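Here is the structure we will look at.
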Amino acid sequence: MTYLFISDLHLSPEHPRLVRGFLDLLKHYANQHTQLYILGDWFNAWIGDDYSAPWLDEIVQALQQFHQAGNTIYFQAGNRDFALGQKFLDQFHGVLLPDIYQLSIGALAFRLEHGDSLCTDDISYQRFKKIIRNPLLLGFLKRLPLGFRQKLANGFRQKSAETKQTKAYEIMDVNQHTVEQVLENSDILIHGHTHRPAIHEIYNKKRIVLGDWRERSAQILEINPLAEQTELKLISWNY
């Protein structure tokens, strides 16, 4: 069995190369009895499970084939696609995970999350997240017309890009004390969001950061449980 972890693909019709890279990934791992974990920002924006388009239909069909080959897809919401729900995942028997998920592989305890909650120095973002992820507000937004939701999503993306230009990068990165706290009951933390792929040693534990998908490659994590040890590899996926 192969455990595969990816995040921050930011798929959209405007970037067909990224879509093709994801479809190629599914084909490559289809016959490896893969558990695929997508830790947020799978899509550049998600306006509701009632959205459909030819480029998205192709992805759904590929995911259906991936599942039929004996693989499983797990999804954790990110800051770009927090409105994605089980209804969309049901099309290919995907599983919606909570924002924090504990996973055991061999003798190791893994904590999975998108990573934005670790950026506690970014106070304005954390405040916005608390508002926009409120179940009542989210339920209201999902009932708005699809076209209006698209305009809202475009506005949020533009505002986010403008805000990032005025913030120091350190503020948008993880807070070290927060990381140490969340690792208290886990051996390894896996997350994305910061777009700074690396394996960090924290005392006797690890923090593994997945990479964002760019025009030609992405940093993804492959874990293969072995008889005596669990092998972790942060590798480049080229497309």
Side-chain angles (χ1 to χ4, degrees), residues 1-12 15-44 46 58-60 62-63 65-67 69-81 84 89 92 94-97 99-106 108 110-116 118 173-174 179 186-201 205-226 229-239:
M1 176 182 291
T2 298
Y3 294 83
L4 186 64
F5 301 84
I6 62 177
S7 72
D8 300 280
L9 289 77
H10 298 279
L11 301 185
S12 72
H15 295 282
R17 189 179 185 92
L18 301 183
V19 174
R20 184 54 50 192
F22 177 62
L23 297 177
D24 289 347
L25 183 84
L26 295 178
K27 290 179 182 178
H28 180 80
Y29 284 94
N31 298 316
Q32 299 187 34
H33 193 48
T34 302
Q35 288 195 16
L36 173 61
Y37 291 83
I38 306 171
L39 306 189
D41 285 6
W42 187 4
F43 297 96
N44 201 33
W46 190 260
E58 184 179 10
I59 291 174
V60 170
L63 288 164
Q65 294 171 1
F66 186 74
H67 172 74
N71 308 293
T72 312
I73 305 102
Y74 299 90
F75 170 74
Q76 245 179 352
N79 53 294
R80 295 293 188 96
D81 49 17
L84 195 154
L89 298 173
F92 42 87
V95 179
L96 181 64
L97 298 178
D99 290 346
I100 305 299
Y101 185 70
Q102 297 291 146
L103 173 68
S104 295
I105 302 177
L108 296 174
F110 291 80
R111 177 187 171 105
L112 312 181
E113 58 181 290
H114 177 57
D116 53 338
L118 302 169
D173 202 356
V174 300
V179 168
S186 303
D187 300 305
I188 299 173
L189 167 65
I190 304 175
H191 71 86
H193 182 67
T194 62
H195 301 183
R196 304 178 76 174
I199 298 179
H200 301 274
E201 299 287 340
K205 301 185 177 185
K206 288 183 173 66
R207 176 171 72 93
I208 303 177
V209 188
L210 306 172
D212 59 315
W213 287 45
R214 305 187 179 184
E215 283 304 310
R216 295 188 178 276
S217 66
Q219 294 291 311
I220 65 177
L221 177 66
E222 185 180 300
I223 299 180
N224 296 292
L226 304 176
Q229 62 181 356
T230 299
E231 183 182 15
L232 298 89
K233 295 187 295 184
L234 192 61
I235 60 178
S236 292
W237 172 249
N238 300 306
Y239 40 86

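This structure is a prediction, so every number in the text was calculated from the model and none was measured.
The CG atom of Leu108 sits 11.0 Å away from atom NZ of Lys205, with the distance rounded to the nearest 0.5 Å. Here the CZ atom belonging to Phe43 is positioned 8.0 Å from the CZ atom belonging to Phe75, to the nearest 0.5 angstrom. One finds the CG atom of Asp81 at 9.5 Å from the CG atom of Leu11 (value rounded to the nearest 0.5 Å). To the nearest 0.5 Å, the span separating CG on Leu232 from CD1 on Ile223 amounts to 4.5 Å. The structure places CZ of Phe110 at 3.5 Å from CD1 of Ile188, a figure rounded to the nearest 0.5 Å. Interatomic distance, Gln219 CD to Leu234 CG, rounded to the nearest 0.5 Å: 5.0 Å.
For Arg214, the side chain to side chain donor-acceptor pair (under 3.5 Å) partners at least two apart in sequence or on another chain are Asp212.
Within a 6.0 Å radius of NE2 in His200, other residues, nucleotides and ligands contribute more than 12 heavy atoms.
When only modelled atom types and interatomic distance are considered, His191 and Arg111 share no side-chain donor-acceptor pair under 3.5 Å. In this structure, a donor-acceptor pair under 3.5 Å is absent between the side chains of Gln35 and Thr2.
Here the side chain of Tyr239 pairs a donor or acceptor atom with the backbone of Ser217 at under 3.5 angstrom.
Between Trp213 and His15, the distance separating the two ring centers is not shorter than 6.0 angstrom.
Looking at every heavy atom in both residues, Asn71 comes nearest to Phe66 through ND2-O, 2.8 Å.
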